[in-house]
Amino acid sequence: MRMDLSAPLELLDLELASFSDGRRQAYLTFQCESDIPITGFSGQLVMYGEDGRMTRPRQLRFKGLNAQPGEPFTCPLKADDFPEFVSYAFSPEWVSFPEGDPWQYDADRQVDVEIDPVTEKERIALIAIAGQDAICYAQKKDALWVCVCGRHNRFRWSRCRRCGRERDHTLASFAPGTALDTYQAHLDTEWQEAAKERRKEAAHAQEIQRQEALALKARTRRARVREGLLAVALAAGLIVMIAIGAQKLAEPLNKVAAQQASAQSDYLDSI
């Protein structure tokens with residue numbers, strides 16, 4: 001695939017919607033890569049079937065836009081006659097701005113922008129360390145650098161024109177020789193964090209068990225104190241009851257003794 005890196009817009013996505021009345025609508029999402037708003041553009045859209053064959057190019061033209069610099073924008077398009085496709089490409093030919101001359105296609109500016117494929121394992125690793133839009137390794141190609149998102153950029157550009165990633169960091173972190181090492185370090189960090197969290201949970205569970213054991217000992221100690229106090233109270237009550245009983249038993253005996261002493265005194269007085 002070839003493209004003009006100076007083009008002020010790029011097709012990011014093409015979605016098809018089907019309606020109950022049989023109509024089909026296409027939604028084309030572009031990225032405005034100009035430093036000023038885009039007011040209109042034209043270009044050719046091609047689609048590729050499962051057999052890799054290219055369909056007849058479709059001429060697209062949109063006017064009255066206000067696409068802001070660095071932002072995506074979506075253009076709807078009637079798609080009743082769109083064929084089945086698995087991939088697509090858009091080549092801008094003309095782009096207008098609020099002021100100044102329009103941008104125009106120039107074949108001499110076309111460069112090869114094919115990306116090197118990666119395996120499923122490599123793609124998973126790239127997504128884990130770089131993000132969901134990662135599709136290839138970052139690398140330098142002659143006067144260009146390829147971002148992990150797949151965008152080819154001129155090497156003098158310090159940031160990716162599609163995703164905004166910083167050039168030097170991207171090339172250092174997601175290059176073929178370092179990305180898998182970075183992924184392994186990422187996994188090691190995740191494992192260490194998970195182990196740390198497990199240790200924290202285990203320590204928390206042990207602390208709960210310790211607190212519960214202390215609480216049980218305290219409850220047991222309080223219960224024993226209550227039992228001791230109850231035993232003392234019962235013993236004291238029993239002593240009081242015995243004393244009261246002895247006093248009551250002594251009263252009749254004392255009365256009898258007093259009566260005997262009085263009778264003896266009366267007897268002695270009568271002699």
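Throughout, residue positions are numbered sequentially from 1 according to the sequence presented.
The side-chain heavy atoms of R58 and F82, taken from C-beta on, include a pair separated by under 4.5 Å. Side-chain contact between Y183 and T178 is absent, with no heavy-atom pair separated by less than 4.5 Å. When side chains are defined from C-beta on, T29 does not count as touching L11, because their heavy atoms never get closer than 4.5 Å. At a threshold of 4.5 Å between non-hydrogen side-chain atoms, the residues R151 and E33 count as touching. Proximity of V146 to K141: side-chain heavy atoms (C-beta onward) are separated by under 4.5 Å at one or more points. Inter-residue side-chain proximity for C147 and F174 is flagged as unmet; no heavy-atom pair is nearer than 4.5 Å. For the pair I115/I135, a side-chain contact is recorded, criterion being any heavy-atom separation below 4.5 Å from C-beta on. With a 4.5 Å cut-off on side-chain heavy atoms, F97 and P37 do not count as touching.
Checked against the 6.0 Å centroid threshold, F62 and F41 count as a close aromatic pair.
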Please step through salt bridge (Lys or Arg N to Asp or Glu O under 4.0 Å) for the pair R154 and D142, ending with a clear verdict.
-> CA-CA 9 Å; R154 295 193 183 279; D142 299 325; over 6 Å; no
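Ionic pairing of E120 and R123 is not present here: no N-O contact between side-chain nitrogen and carboxylate oxygen is shorter than 4.0 angstrom. Taking 4.0 Å as the cut-off between side-chain N and carboxylate O, R165 and D133 count as a salt-bridged pair.
With rounding to the nearest 0.5 Å, the separation of CG in L9 from CZ in F73 is 5.0 Å.
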